[in-house]
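Below is one structure, written out as structure tokens; the observations come after it.
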Amino acid sequence: MSIRILYFARLREDMGIAEEMYDLPGESCDVSGLRAQLAARGGASARALGQGKAVRVSVNLELARSDTPVKAGDEVAFFPPVTGG
Amino acid sequence: MAVRVQREDFDIGAEIAAFRRADPGIGAIASFIGLVRDLNDGVAVASMTLEHYPGMTEKALSGIVADAKQRWDIIDALVIHRIGELRPLDQIVLVVVTGAHRGAAFAACEFIMDYLKTQAPFWKKEQTPQGTRWVEARASDDQAADRWSEPQAK
């Protein structure tokens with residue numbers, strides 16, 4: 001099951017990519033589980049998404065919490081705390 | 001309700017005139033204009049680049065305006081937010097709220113800005129003499145948004 005992941009602002013620069021398709025190994029997971037899986041890949045993913053980084057997440061264009069579920073076909077975005085206005 | 005994300009500048013007078021549409025039920029219009037300053041955290045800012053998350057931004061702003069209309073007895077609200085490269089003196093954001101009376105219009109205008117600051121997916125990157133830097137979110141903005149979580153009088 002595949003999801004689309006987007007990165008914005010500092011996270012996009014840290015990751016070196018704006019988006020990727022990612023295959024979830026399990027049936028389903030939640031936002032914190034997905035983040036941990038991505039960070040476990042090491043390299044840029046660990047630097048951008050590792051523990052201690054201020055990261056906000058949206059699922060299907062809605063701000064998400066760490067326990068928000070993620071399923072096949074979802075669009076998930078990782079980004080820093082917002083600074084508009 | 002109207003929400004726009006655009007590169008172009010906006011004309012406050014023209015926007016307000018178009019938004020009120022000569023509705024005689026409007027007795028009050030509250031507005032807020034956010035501007036680019038030439039100094040942030042003690043560092044000179046030559047310009048800034050604003051990026052956003054297309055699709056989510058419009059949804060978030062529409063949600064904030066809908067929330068304001070639920071909470072206060074206002075007639076309507078307009079939000080315009082610019083993206084791209086901006087320089088000191090440039091306008092960044094416009095919020096206009098129309099209502100029968102000023103109290104609700106003032107409160108809803110402030111609420112929309114406080115929520116926009118903490119929930120709408122925009123990010124600023126500043127160009128300074130020391131190089132470029134991403135603007136850090138402020139705890140004071142979270143506190144400003146949090147105070148609306150307390151029970152409000154309509």
So, the part of B:Ala60 with a heavy atom under 4.5 Å from chain A: the answer is neither
Contact part of B:Lys59 toward chain A, heavy-atom cut-off under 4.5 Å: side chain, backbone, both or neither? side chain
Check the angle between the aromatic planes of B:Tyr53 and A:Phe79 and answer parallel, tilted or perpendicular using the 30° and 60° thresholds. perpendicular
Chain A neighbours within [range], where any heavy atom lies under 4.5 Å away:
range: residues 110-117 of chain B; result: B:Met113, B:Leu116, B:Lys117
range: residues 131-140 of chain B; result: B:Trp134, B:Val135, B:Glu136, B:Ala137
range: residues 90-106 of chain B; result: B:Ile92, B:Val93

Residue by residue, scan residues 9-18 of chain A and write down, ordered by number, those that have a heavy-atom distance under 4.5 Å to chain B; if none do, write 'none'. A:Ala9, A:Arg10, A:Arg12, A:Glu13
Dump the intermediate steps for side-chain contact (heavy atoms from CB on, under 4.5 Å) on B:Trp123 and A:Thr83, then the final yes or no. CA-CA 5 Å; B:Trp123 302 275; A:Thr83 56; 4.1 Å; yes
Would you indicate whether the side-chain heavy atoms of B:Gln119 and A:Leu63 approach each other to under 4.5 Å? yes
Is there a path of hydrophobic side-chain contacts, each under 4.5 Å between heavy atoms of I, L, V, M, F, W or Y residues, that connects [X] with [Y]?
X: A:Leu6; Y: A:Val57; value: no
X: B:Leu86; Y: B:Phe32; value: yes
X: B:Ile26; Y: B:Ile12; value: yes
X: A:Leu49; Y: A:Val70; value: yes

Would you indicate whether B:Glu8, at its atom CD, is surrounded by more than 12 heavy atoms from other residues, nucleotides or ligands within a distance under 6.0 Å? yes
In this structure, are over 12 heavy atoms from other groups packed under 6.0 Å from B:Leu39 atom CG? yes
Is a donor on one side and an acceptor on the other found under 3.5 Å between the side chain of B:His81 and the backbone of A:Gly85? yes
Of all heavy-atom pairs linking B:His52 and A:Phe8, the shortest is O-CE2, 3.6 Å
